[in-house]
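Here the structure comes first, spelled out in structure tokens, and everything after it is commentary.
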Amino acid sequence: MTPLDNQQLFLDSAREWLKTSVPERWRQERGALSEDEIVEIRHEWDRQLFAGGYSGLAIPTMYGGQGMGLREEVLFHEAAAQAHAPEGIGRIGKILTVPTLVAHGSEEQRAKYIPGIMAGTEVWCQAFSEPGAGSDLANVAAFARKTEGGYLVTGQKIWTSFAQYAERAILLARTSHTDPRYRNLSFFLLDMKQPGITLRTIRQISDTSHFSEVFMDSAFVADSDRVGEEGEGWNIAMTTLTSERGGVEAITRYVEVRGDLDTLMRCCATSSDIDTEVKQLDTRLELVRWQVMKALDYVEEDLEFFRRTCMLKIMWSELWQEVTQLAVSLNCRAHQEHWRNQYLETRAVSIYSGSNEIQRNIIGDRVLGLPR
Amino acid sequence: MTATMLPTEVGQMSAVALAEIIERSIAGNPVADYAEREPLAWSVIEEGGWDSIAVAEEFDGGGANLRDLVEVAQVWGAASIPQPLLESIWAKRWSAQARERSGPISVSVPRLGVSDSSGLAPFAALAATGIARSIGAGTDRFDVAPLGSADTFTPALRPSVLPWTTKMEIEAARELGVIWAAEVVGAAQKLVDLSVAYAKTREQFGKPIGSFQAIKHRLADMHSQAQYAQTAVIWASLDPTNSQRACDYAVGTSISLAEQSIQVHGGMGFTWEMGLHYYLRTMLTRRELIVGLWA
Ligand SMILES: Cc1cc2nc3c(=O)[nH]c(=O)nc-3n(C[C@H](O)[C@H](O)[C@H](O)COP(=O)(O)OP(=O)(O)OC[C@H]3O[C@@H](n4cnc5c(N)ncnc54)[C@H](O)[C@@H]3O)c2cc1C
């Protein structure tokens, strides 16, 4: 069998599995589900993926993954998009924690944490941003003070998505008052369910609350939960952020935008006046997928891979915003609530994971080598 | 065309005085503090004669014209006070029965994409709002709110869905569209001002974010777009044959400005408390209402 045959086999069985696994309620009445029901379905989906053998396709089997490649990951997400599958709530763990641990974690950390993420039993969040450290992430001020066997962390995080559901967080904190910028931070794996942690959920413009402020008051992190050495936090966080803005992330977003665009094309955008506009959006969305597939051939060469993936975050986010902008203007009564919500929600996609302004700066600096 | 594009004295003075009254009642508080309350009582509006500024002078009104109302509507839109002042001003300008009526007045506008004859009525969820059955179309009459089922998406407009729509004289409907578009433009200018102020004070990388060229250029573009949007509603008020497309342009541009203002505010812009969304929600619903008017 050729590799292509193998991929076809994989895809066929994935489609078959999706057909029977995607919850009917999600497929049919997604718009009518309550916030709690949505969270429950998304949580359950993580566990279904694991049971079905589709969790962590590109993660080595020794860590509970499937030991395949990024290509299978991409193929699966496409099939999931067509099947209108939900999106798991374990995305931070899978997309951010796992690649970071694979690249920089100790054997012990990988063995301890990756299986729970793969199985969908442990939800993770990303405690990076602070009120004074948004775009300027290196300005993180939360401080981890050395103590017997570990650190006591004090400070405030903000915009922490999934914090209210999370067992653990990847945390960026300062460990030195004297070392220079970029060398004064360390990367930790924080237990969110401990007394030193208080959450305050933030109400979003869409009137939901998916993120929180996280207050840490002498929260404990063991030495064994520090990733890398003290002072290496910034470099490690760069791995995390590159994953956050990279190909796998883009494909999961492709799934979501595909769902929205399909709704638009099937129901709301029936007027021929906007035919051309809708077709353009569709073309650009398919290009997100093709761009990822093109990049996959360069996955072993960091810079070449980055040249081909650095624009993905900008592509999908601005596209998604345009889709919802158009949709909300069409007065489709059947989907009014859906589009109002999606329109407001997607105002955030050009802000989070590093704003699009920052991403353009990165392309200019790192890819094009323009003078700073 | 050599005539001035400025509003008349009535328009200019009304706009300034109204801005002062608004400032006194909201006391510099952001929209999030008052959009869901009653920051300015209707009695204050009525006692000040604000709802009569565009009634013809022969009927003892202020005699403001449509260009003047564009000025007033921008002031009102910048504050986004949840009272149907603009609708009431307009109704009293067009209807003797409305002039005799005390209390706030609003209208019900056809909804697109429905097969029934229901309408969307701003402020119909507010107690005491009289919703016009017809305006400028013979014997006008009113039903008293609260009516219909409240649509909670737009807190500052308190709209409800009603089983019927207001019958309107065509020219009256055109004027209302221009007034609403001007209100939206006033809100957009406010968001530009807030964004500029934010960019001067919010620091990242040790500098105000307004010093980064990406933000500076965006704000420069936003200023230009807000100017165009304002020009469009002035044009709409002075040139009836082009009102519709000028208003559509103004509203579309304003919505884009609201989206961009969120971007400039970063994560803060995405919070309910920051309140930018109140304006954005109002703009979306006003667009729907205006499209309903033209339909
Ligand atoms: C829905 C949502 C979910 C999030 N989830 C998480 C999470 O789970 N974990 C986490 O750690 N963080 C999270 N964030 C935080 C997110 O990463 C930050 O909001 C983002 O980095 C921007 O920071 P800021 O909000 O402080 O905006 P600011 O940095 O204050 O930016 C304001 C504006 O200035 C621009 N700007 C700033 N610096 C520059 C520059 N040098 N050049 C050009 N323009 C510039 C920005 O692009 C933006 O338009 C989330 C945010 C949102 C909105």
Side-chain angles (χ1 to χ4, degrees), chain A residues 129-139 158-161 181 201-211 213 267-268 270-271 317-318 321-322 324-325 328-337 339-341 343-352 354-361 364, chain B residues 32 110-116 118 120 151-155 161 199 202-207 209 212-218 248 251-252 255-256 258-281 283-285 287-292 295:
Chain A
S129 304
E130 297 182 7
S135 296
D136 184 10
L137 186 59
N139 200 35
I158 193 170
W159 321 124
T160 315
S161 304
R181 196 176 151 90
T201 54
I202 306 171
R203 194 173 172 196
Q204 306 176 178
I205 61 173
S206 55
D207 203 11
T208 50
S209 297
H210 295 306
F211 56 22
E213 288 178 278
C267 170
C268 323
T270 44
S271 154
S317 62
E318 293 180 359
Q321 290 182 328
E322 287 175 52
T324 63
Q325 271 155 227
V328 83
S329 75
L330 296 176
N331 299 306
C332 170
R333 296 292 156 190
H335 293 98
Q336 182 173 49
E337 209 164 320
W339 291 128
R340 281 174 164 183
N341 185 62
Y343 171 78
L344 290 172
E345 282 284 320
T346 53
R347 292 312 101 205
V349 298
S350 52
I351 298 169
Y352 64 51
S355 73
N356 287 11
E357 284 82 1
I358 293 299
Q359 191 60 19
R360 287 185 164 95
N361 286 347
Chain B
R111 299 161 75 222
L112 289 149
V114 292
S115 47
D116 56 25
S118 63
L120 188 64
D151 174 353
T152 54
F153 178 74
T154 326
V161 175
R202 166 68 175 168
E203 292 195 4
Q204 284 290 272
F205 305 96
K207 292 181 204 160
I209 56 166
F212 301 123
Q213 217 158 60
I215 296 295
K216 196 177 283 182
H217 283 187
R218 186 188 283 281
D248 289 349
V251 173
I255 289 172
S256 158
E259 293 163 358
Q260 296 183 70
S261 80
I262 292 174
Q263 183 69 20
V264 171
H265 283 78
M268 283 306 297
F270 194 63
T271 62
W272 186 276
E273 278 83 7
M274 187 82 204
L276 306 178
H277 67 100
Y278 284 106
Y279 290 104
L280 180 52
R281 287 162 183 264
M283 289 175 176
L284 293 178
T285 300
R287 174 170 66 188
E288 209 180 312
L289 287 164
I290 291 170
V291 172

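Just the heavy atoms: all of them, side chains too, but no hydrogens, waters or symmetry mates, feed the values below.
Using a 4.5 Å heavy-atom threshold, the side chains of A:E357 and B:R218 count as touching. Considering only heavy atoms from C-beta on, B:Q263 stays 4.5 Å or farther from A:R347 through its side chain. In this structure the side chain of A:Y343 reaches within 4.5 angstrom of the side chain of B:L280, judged on heavy atoms. Looking at heavy atoms from C-beta onward, A:T208 lies out of side-chain contact with B:W272 at the 4.5 angstrom threshold.
Across all their heavy atoms, B:F153 and A:R340 have their closest contact at CB-NH1, 3.1 Å. A:N331 and B:E288 get closest at one heavy-atom pair: OD1-CG, 3.1 Å.
With a 4.5 angstrom heavy-atom cutoff, B:M274 does not touch chain A via any of its atoms. Contacts of A:E337 with chain B are absent, with no heavy-atom separation under 4.5 Å from either backbone or side chain. Contact of B:L276 with chain A is not made at all, since no heavy-atom distance falls under 4.5 Å. Heavy atoms closer than 4.5 Å to chain B are found nowhere in A:S129, neither backbone nor side chain.
In terms of the side chain to side chain contact (heavy atoms under 4.5 Å, CB included) criterion, residue partners of A:Y352 (sequence neighbours excluded) are, by chain and number, A:R253, A:W316, A:A348, A:V349. The salt bridge (charged side-chain N to carboxylate O under 4.0 Å, His left out) search around A:E318 returns A:R360, not counting sequence neighbours.
Here the straight-line distance linking atom CZ of B:R202 with atom OG of A:S135 works out to 7.5 Å at 0.5 Å rounding.
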Side chain to side chain contact (heavy atoms under 4.5 Å, CB included) evaluation trace for B:F270 with A:F211: CA-CA 11 Å; B:F270 194 63; A:F211 56 22; 3.8 Å; yes
Residue pair B:L284, A:V328: steps toward the side chain to side chain contact (heavy atoms under 4.5 Å, CB included) verdict: CA-CA 8 Å; B:L284 293 178; A:V328 83; 4.3 Å; yes
Working for side chain to side chain contact (heavy atoms under 4.5 Å, CB included), residues B:I262 and A:I351: CA-CA 9 Å; B:I262 292 174; A:I351 298 169; 4.0 Å; yes
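Options A:L344, A:I205, A:N361 differ in how many heavy-atom pairs under 4.5 Å they form with chain B, and the most are formed by A:I205. Contacts with chain B were tallied for A:A138, A:A334, A:S329; A:S329 has the most, counting heavy-atom pairs under 4.5 Å. When each of B:R287, B:H265, B:H277, B:Q204 is checked for heavy-atom pairs under 4.5 Å with chain A, B:Q204 comes out on top.
The main-chain N or O of B:R111 is never found under 3.5 Å from a side-chain atom of A:R333 such that the two would form a donor-acceptor pair.
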